[in-house]
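See structure below.
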There are 2 protein chains.
Amino acid sequence: MPWEKSFEESDVIEQAMEVFWEKGYAATSISDITDATGIKRGSLYNAFDGKHDLFVRALLKYGGDRRTSKLRMLETVDDPREAITMFFDSLVKATLDDPDKKGCLLFNTALEYSSHDDDVKKLVSDGIKEVVTFLEGQINRGKELGNIPDSVDTRPTAKALVALVVGIRVLGRGAFGKTALRQVAQQAIDLIS
Amino acid sequence: MPWEKSFEESDVIEQAMEVFWEKGYAATSISDITDATGIKRGSLYNAFDGKHDLFVRALLKYGGDRRTSKLRMLETVDDPREAITMFFDSLVKATLDDPDKKGCLLFNTALEYSSHDDDVKKLVSDGIKEVVTFLEGQINRGKELGNIPDSVDTRPTAKALVALVVGIRVLGRGAFGKTALRQVAQQAIDLIS
DNA sequence: CGTTGTCTGTACCGATCAGTCAACACTCGA
DNA sequence: TCGAGTGTTGACTGATCGGTACAGACAACG
């Protein structure tokens, strides 16, 4: 058996993800990634199919590590209204805590790139659907438990909440400060009150 | 006096704006612009300072032609609640009518580029503030006239509405269809009801 | 008609891009 | 010990990037 790789693919994907996240797909060069990872050009092309392949894998990793696991965790919260509140709180917190103001890789991609590539478009679309489904589930659960009023229309409300999520993530990159973001999050909670 | 320009600067800016709008700043090359306008490279650099200068001018033109004039028009509507409704309706309509799904240049820029350049950052920030101010004004006017309830908290609500605007524009690029966008717009109106 | 000053068109610049390739390093089974 | 097979490396490719230089086209003056 031959020589083994000197790096973990998932580590490289993680670091590549950070670069794509910060700079965007178009503005990220392979050299940026080799600089960030320390992996040489040839090794990178030996392990991956190229820039696009790396980006897709980064998106998948982002989805699994950051989004899906977070939503699964929140689904274990007893009070669904509290779960949604926690969701928005963590969103605002993540936005405020990031000194680079990178926003959310999913939405950054939705704007920069989704109109150009079908693979990526689908990943973005699925990621957003996942959030909508989570919110719909929580709203329905809340209505069953009686701490979200029946007057709340589940599907339109879930979609509006996602739109607010997008707004928070985009405006959090610079246009809105702490107070404004918290106000928006509060308005989101008001939508299910 | 010497030879005059064979093109209108504002025409070139308009066409360059379309290219930037569709492809994003980083992904747009000078060749893309010369192709789209028919202007040769040298003439373009003779008339403008370069790619960045062209982009800033395109952003300014977008702001003036599309945003500011629209908001001024809506401010002449008697019923401020109706003005906000029309604002969201036209937003959804513009999003649905665009076959290229370009979204909004302002928000596209907010995500792709605002973290890299201070001039552009300010333009984006000011553009968003303009919309917030418009919405605050209409909400206050509606409260005075009595067709928006006093229980609506002007500033947080205006900010949430802008967040929904962003959401509609971003999600309208692919993730959300006609029904979903209209539902989100309706939820926006519900926020001031 | 010639001078003057601006605009046009294109060749060209160095830098950088994504991606390739062949020489070399290394491990392991035979 | 050596060949097979994989990983690493850095030089290299052709294309394209943003931007420049300059020769020629043109119009308004004298």
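Note that these values count all heavy atoms, side chains included, but never hydrogens, waters or copies made by symmetry. Just so it is clear, the structure is predicted and the values come from calculations on it, not from any experiment. In what follows, chains carry the letters A, B, and so on, assigned in the order in which the sequence lines appear, proteins first and then strands, with residues in each chain numbered from 1.
Using a 4.0 Å heavy-atom criterion, one finds that A:Thr34 contacts no nucleic acid atom at all. At the heavy-atom level, B:Phe7 lies under 4.0 Å from the strands shown only through sugar-phosphate atoms.
Between the CG atom of A:Asp32 and the C1' atom of D:dC17 there is a distance of 15 Å, rounded to whole Å. If you take CG of B:Leu44 and P of D:dC17, they are 14 Å apart, rounded to a whole angstrom. A straight line from CZ of B:Phe48 to P of C:dC7 spans 12 Å, rounded to a whole angstrom. The distance from atom CG of B:Leu54 to atom C1' of D:dG19 is 13 Å, rounded to the nearest whole Å. The distance from atom CD1 of B:Ile39 to atom P of C:dT6 is 19 Å, rounded to the nearest whole Å. As rounded to whole Å, 17 Å separates atom P of C:dT16 from atom CD1 of A:Ile33. Look at NZ on B:Lys51: it is 15 Å from P on D:dT16, rounded to the nearest Å.
Comparing B:Gly38 and A:Gly42 against DNA chain C, the residue whose closest nucleotide sits nearer the 5' end is B:Gly38.
Distances shorter than 4.0 Å separate none of the side-chain N or O atoms of A:Tyr45 from OP1 or OP2 on C:dT20. Using a 4.0 Å cut-off, some side-chain N or O of B:Ser31 falls inside it from OP1 or OP2 of D:dC17. Note on B:Ser29: a side-chain N or O is less than 4.0 Å away from OP1 or OP2 of D:dC17.
Nearest to the side-chain atoms of A:Lys40 among the listed nucleotides D:dG18, C:dG19, D:dG10 stands D:dG10. Checking C:dT8, C:dA18, D:dG19 against the side-chain heavy atoms of B:Asn46 singles out C:dT8 as nearest. Closest to the A:Ser43 side chain, of the nucleotides D:dC17, D:dG7, D:dT9, is D:dT9.
Looking only at side-chain heavy atoms (C-beta outward), B:Val120 and B:Tyr25 stay at 4.5 Å or farther from each other.
When each of A:Gln187, A:Gln186, A:Arg182 is tested with B:Pro156 by the rule side chain to side chain contact (heavy atoms under 4.5 Å, CB included), just one qualifies, namely A:Gln187.
A distance of 8.0 Å separates CG in B:Leu135 from CG in B:Leu71, rounded to the nearest 0.5 Å.
Residues A:Phe134 and A:Phe87 bring their aromatic ring centres within 6.0 Å.
For the residue pair B:Arg81/B:Ser193, the side-chain donor-acceptor check at 3.5 Å is satisfied.
Under 3.5 Å, the side chain of B:Arg41 and the base of C:dG9 form no donor-acceptor pair of N or O atoms.
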